[in-house]
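All ligand and atom numbering here is 1-based and tracks the order in the structure. From a predicted model like this one, the values you see are computed outputs, not experimental measurements.
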Amino acid sequence: MHILIVEDDRGITSFLEKGLRAEGYATTVAGTPDEARLAVEIADPPADLVLLDLGLPGGEGGDVLSWMRGRGLATPVIILTARAEVEQKVQGLNAGANDYVTKPFSFDELLARVRATLRTAEQPSSSELVVGDLRLDLLTKVAWRAGQRIELAPREWALLELFMRHPHQVLSRAQILSSVWDQTFETGSNVVDVYVGYLRRKLNKPELEPLLVTVRGAGYRFADDTSDAGAAEPERVD
Ligand code: CA
């Protein structure tokens with residue numbers, strides 16, 4: 001994931017670069033609107049997200065945002081500025097910003113907003129996810145299995161959506177925790193296992209193939225069939 005930082009304050013820039021890189025993001029810095037436009041145009045791979053300061057030498061961050069949206073670029077933008085008036089926030093969001101963070105900011109909060117914004121941006125334009133006999137309607141947040149409607153709590157929904165976006169892949173507990181739960185749990189937390197258990201009770205029926213197999217020592221795998229499950233020696237725990 002590549003983040004473009006548009007900011008003229010060197011101290012903030014290096015603080016952001018250091019923090020974001022430590023979290024595994026690649027970063028590019030632009031200090032003026034012209035540099036920002038150039039960075040947006042030549043970035044390869046393109047930036048996945050832009051952190052945008054408003055007060056810049058030689059122009060306004062807001063102009064960069066309007067320019068991007070005017071060109072049909074949907075890259076998520078988080079405005080990061082000392083201007084905290086509601087009116088300015090509304091203006092920024094109306095101009096097409098995805099979120100707005102005011103300085104001084106906490107890095108942890110900014111990081112959480114970056115992650116949330118990237119997560120939302122990753123959603124495909126299609127409103128449905130289908131794997132095997134399971135279907136998720138992303139707009140109404142209703143799940144169906146073999147034509148039967150299944151009611152899910154928000155966290156169960158997030159967990160199932162994660163599995164359905166990675167069918168047949170083994171997901172570790174740590175991967176699941178960081179994707180579905182934002183906060184860091186102490187190691188040894190069994191919250192993932194508990195929620196996988198909830199999901200299984202709702203999804204699995206005696207007449208249907210079991211979903212969500214436990215891969216011992218590795219995590220869980222979402223499968224819409226069990227034809228190749230034997231190789232991984234799945235152990236089903238309810
Ligand atoms: Ca500035």
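With sequence neighbours left out, R83 forms a salt bridge (charged side-chain N to carboxylate O under 4.0 Å, His left out) with E60.
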Contacts under 3.5 angstrom, residues 21-29 side chains, donor-acceptor by atom type, not counting sequence neighbours:
residue: R21; atom: NE; partner: T27; partner atom: OG1; Å: 2.9
residue: R21; atom: NH2; partner: E17; partner atom: OE2; Å: 3.1
residue: R21; atom: NH2; partner: T27; partner atom: OG1; Å: 3.2
residue: E23; atom: OE1; partner: R115; partner atom: NH2; Å: 2.9
residue: T27; atom: OG1; partner: E17; partner atom: OE2; Å: 3.2
residue: T28; atom: OG1; partner: H2; partner atom: NE2; Å: 2.6

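Here salt bridge (charged side-chain N to carboxylate O under 4.0 Å, His left out) pairs that include residues 24-40, with residues two or more places apart or in two chains, are D34-R37.
Between E85 and K89 no salt bridge is recorded (no basic side-chain N to carboxylate O distance below 4.0 Å). Salt bridge E151/R149: present, at least one basic N to carboxylate O contact under 4.0 Å.
In this structure, K103 places its NZ atom where more than 12 heavy-atom neighbours from other residues, nucleotides or ligands lie under 6.0 Å away.
With waters neither drawn nor counted, the protein N/O/S atoms under 3.0 Å from the Ca ion (ligand 1) amount to 3.
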